[in-house]
There are 2 protein chains.
Amino acid sequence: MDHQATGTRKDRAAVKAEDVKVDLIAVVVAVNDGEPCVLTIGQADTLPSGPFALEHRSPQSGLRGWVEQQTGHPLGYIEQLYTFADRDRIGAERQQRVISISYLALTRKEQAGGSPKCGWQSWYEYFPWEDHRSGTPAVVLDVLRPRLIEWADGASDAATRRERRLRAAIAFGFDESRWNEELTLQRYELVYEAGLVQEAGIGRDAPPRPLVPSKSMIADHRRILATAIGRLRSKIKYRPVVFELMPPLFTLLRLQRTVEALSGRLINKPNFRRLIEQQELVEKTGETTTETGGRPAQLYRFRHDILDERPVAGTKLPLTRA
Amino acid sequence: MDHQATGTRKDRAAVKAEDVKVDLIAVVVAVNDGEPCVLTIGQADTLPSGPFALEHRSPQSGLRGWVEQQTGHPLGYIEQLYTFADRDRIGAERQQRVISISYLALTRKEQAGGSPKCGWQSWYEYFPWEDHRSGTPAVVLDVLRPRLIEWADGASDAATRRERRLRAAIAFGFDESRWNEELTLQRYELVYEAGLVQEAGIGRDAPPRPLVPSKSMIADHRRILATAIGRLRSKIKYRPVVFELMPPLFTLLRLQRTVEALSGRLINKPNFRRLIEQQELVEKTGETTTETGGRPAQLYRFRHDILDERPVAGTKLPLTRA
DNA sequence: GGTCCTTATATTCTTTTGGACTATAACTGG
DNA sequence: CCAGTTATAGTCCAAAAGAATATAAGGACC
């Protein structure tokens, strides 16, 4: 039992002396040319991060510092994501605790000239099964589905087999259930448990199952990214955070494409416009642009003052109903 | 600028040597006799907590241990709330970093015999302005409203005055805006900034403003509780977590009273029943009870299997519309 | 035993919302 | 000037959500 291992308050001095490391880690998101992107550093696929130091007033301010230093990008909107602190999440056997406080940050690519050592990666390179903008991707039907069924049926007892099949069906929308774009983390965990991604093999008796083609990340950064995607996909439905990703002036179609990029699914155009307009989140500037081809489009601007007036205003994708 | 103070990666050794303390802290919630309650320990109003130690596999398991040891209560549902880590959140001047990973846990009072050193406190004793079940409480209209306006008008420049008035109006639903029960944290922060709670005076030149009558908690535990309440009020709308607070068998009215206790507002009875029934979250047991007085009520049971079938099923209070 | 009170349960009506669809307008490029 | 492309406006319908009312079934009290 856990509580027998916790010790008493007298142990506190001993606890302090342990080797604890606290990291700040950022998932910086932008949408470039209709692709949702995440900021990475170095050669490997690594999220910007750095130790939480005593000089930092708050973790947020520390994070801003690290990201700006490592990537040259100033951060605007920041939101705490999750604190990862399980014992064997990093190195399996090292007697060291690594606590990572993760954050979701939203910016635009053009914000500043990035350093050479960082770059934007489409998040669908890490999660090719998450992009349903052109219908269900082939990798889901041809690769994931059979492998997951195989994994489910590989369980020793019938109850586990049933449970695994059910989880897979819900997460990926196999049987009657529909695709739910918010279940990014659950899907990643399934794929991980089934041993279908590279990082799943580390530190255990890896079954020689062939992998689902996708880019990996170091340590558990891919899990952190999955957490961020799920959170963002959920959040755009009830908070007007998309505008953090938009330039000052934009057309309604561009706004729609941005939301579609994030959610990974298409939206009905007239309904999207109606929703945006009736919420009064944006206002016309009077200017138009012909850069879109076809009839010139109105340029809109986000009404920043609305943030003060309405606390829970949302973008409300027309995706809600079952 | 923050990033100039962060140092480089070479500082890591020095960072490790710093005095960092990581705590786990729990907001354990139950609903007893129609009152939403939080579990506290000791004489003072203190949330159960303990240091995060290397023996703990995960923070969750560590938390379970501490709470069970300090209160005798085993925990069921646990969810990470927020990680508090600002520098001067505990002692003002000590050169020590305290990081608190906070969790929201849901149980029932009857779960087990609690230790003598712990007890349940109605959370409306800490937040008397949050209970709108009998209409807007007097303390909001008679005390908070005038004091907050006074505080807003005390600002030096006109812009700040306007902004403060607006924030107060939105958070408390003063002018045209309606009461939004999810804004618990925003309201606490306003009350805190205005110096109307006891703990606001610590470590700064406290203005001699009379306080709003309410119970306080040690350190920043009241803020953590506010965070938990807001999160829970939001969550019951889209996830069936209320049932963690219910006994195995219950009547629909009791379920409604529980939701009302949490959200702090009344719900239309027929609509609530319809909503619950059409979602198929519960099933009749066939048994009835006469303990409610009046016509005997059907006893229902939560359909636990629904959790496997539908990921995003919610309780959906009839509170959504503006 | 009947009356009244209490609570449970069923039903109706109406407004609002959100999803699908169609039509028209305005520009570009050949 | 015609085809193609995109922008914008409007209609229709089904589902959801709010409010209110009616009926059922027990207990308490006289």
Side-chain angles (χ1 to χ4, degrees), chain A residues 34 178-181 236-238 249-260 263 265-301 312-322, chain B residues 33-34 178-181 236-238 249-260 263 265-301 310 312-322:
Chain A
R178 298 172 69 129
W179 176 258
N180 181 338
E181 76 277 0
I236 48 174
K237 290 184 184 169
Y238 63 95
L249 299 185
F250 51 86
T251 68
L252 288 187
L253 185 60
R254 173 138 188 215
L255 181 64
Q256 181 180 347
R257 294 286 175 239
T258 304
V259 173
E260 289 174 338
S263 66
R265 44 166 52 190
L266 296 180
I267 304 171
N268 181 284
K269 191 160 150 181
N271 293 348
F272 180 79
R273 302 179 127 264
R274 177 180 56 186
L275 220 47
I276 297 296
E277 280 170 348
Q278 81 185 14
Q279 295 211 76
E280 299 177 313
L281 292 172
V282 297
E283 60 190 2
K284 282 188 188 171
T285 61
E287 298 173 68
T288 59
T289 179
T290 59
E291 290 177 10
T292 51
R295 174 174 170 177
Q298 292 281 340
L299 282 171
Y300 287 80
R301 168 196 309 129
V312 278
T315 315
K316 269 192 187 167
L317 317 194
L319 302 170
T320 342
R321 198 174 290 182
Chain B
D33 306 319
R178 299 173 67 128
W179 175 259
N180 181 340
E181 76 277 1
I236 47 174
K237 290 185 186 169
Y238 63 96
L249 299 184
F250 50 86
T251 68
L252 288 188
L253 185 61
R254 171 138 187 214
L255 181 64
Q256 181 180 345
R257 294 287 175 240
T258 304
V259 173
E260 289 174 339
S263 65
R265 44 165 51 189
L266 296 180
I267 303 173
N268 181 284
K269 192 160 150 182
N271 293 347
F272 179 79
R273 305 181 124 260
R274 178 179 55 189
L275 220 47
I276 295 297
E277 280 170 346
Q278 81 186 13
Q279 294 210 78
E280 298 178 310
L281 293 172
V282 298
E283 60 188 2
K284 282 186 187 170
T285 62
E287 299 174 66
T288 58
T289 179
T290 59
E291 289 175 11
T292 51
R295 174 174 170 177
Q298 292 282 340
L299 282 172
Y300 287 81
R301 169 197 304 131
R310 277 189 297 176
V312 278
T315 314
K316 268 192 187 166
L317 317 194
L319 302 170
T320 344
R321 198 175 290 180

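Convention: sequence-line order gives letters A, B, ...; per-chain numbering from 1.
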Under the 3.5 angstrom rule, does the side chain of B/T288 hit a backbone N or O of B/Q298 as a donor-acceptor pair? no

Heavy-atom nearest nucleotide on DNA chain C taken for B/R274 and for B/L252; more 5' hit belongs to B/L252

Under 3.5 Å donor-acceptor pair, A/N271 side-chain atoms to C/dA20 base atoms: yes

In Å, rounded to the nearest 0.5 Å, how long is the span from CZ of A/R257 to OG1 of A/T251? 9.5 Å

Output all residues satisfying salt bridge (charged side-chain N to carboxylate O under 4.0 Å, His left out) with A/R301, sequence neighbours left out; order by chain, then residue number. A/E283

Side chain of B/E277 only, please: which of D/dA7, C/dA10, D/dA25 is the nearest? C/dA10

Assign each of B/K269 and A/P270 the nucleotide of DNA chain C bearing its closest heavy atom; nearer the 5' end lies the nucleotide of B/K269

Take atom CD of B/Q298 and atom P of D/dA25, then tell me their distance rounded to the nearest Å. 11 Å

Distance test, side-chain N/O of B/Q278 to OP1/OP2 of D/dA15, below 4.0 Å: no

Please report, rounded to the nearest Å, how far the P atom of C/dT12 is from the CZ atom of B/R273. 17 Å

Tell me the interatomic distance from B/I276, atom CD1, to C/dT9, atom C1', rounded to whole angstroms. 15 Å

Indicate whether the side chain of A/Y300 and that of A/E277 have a donor and an acceptor atom separated by less than 3.5 Å. yes

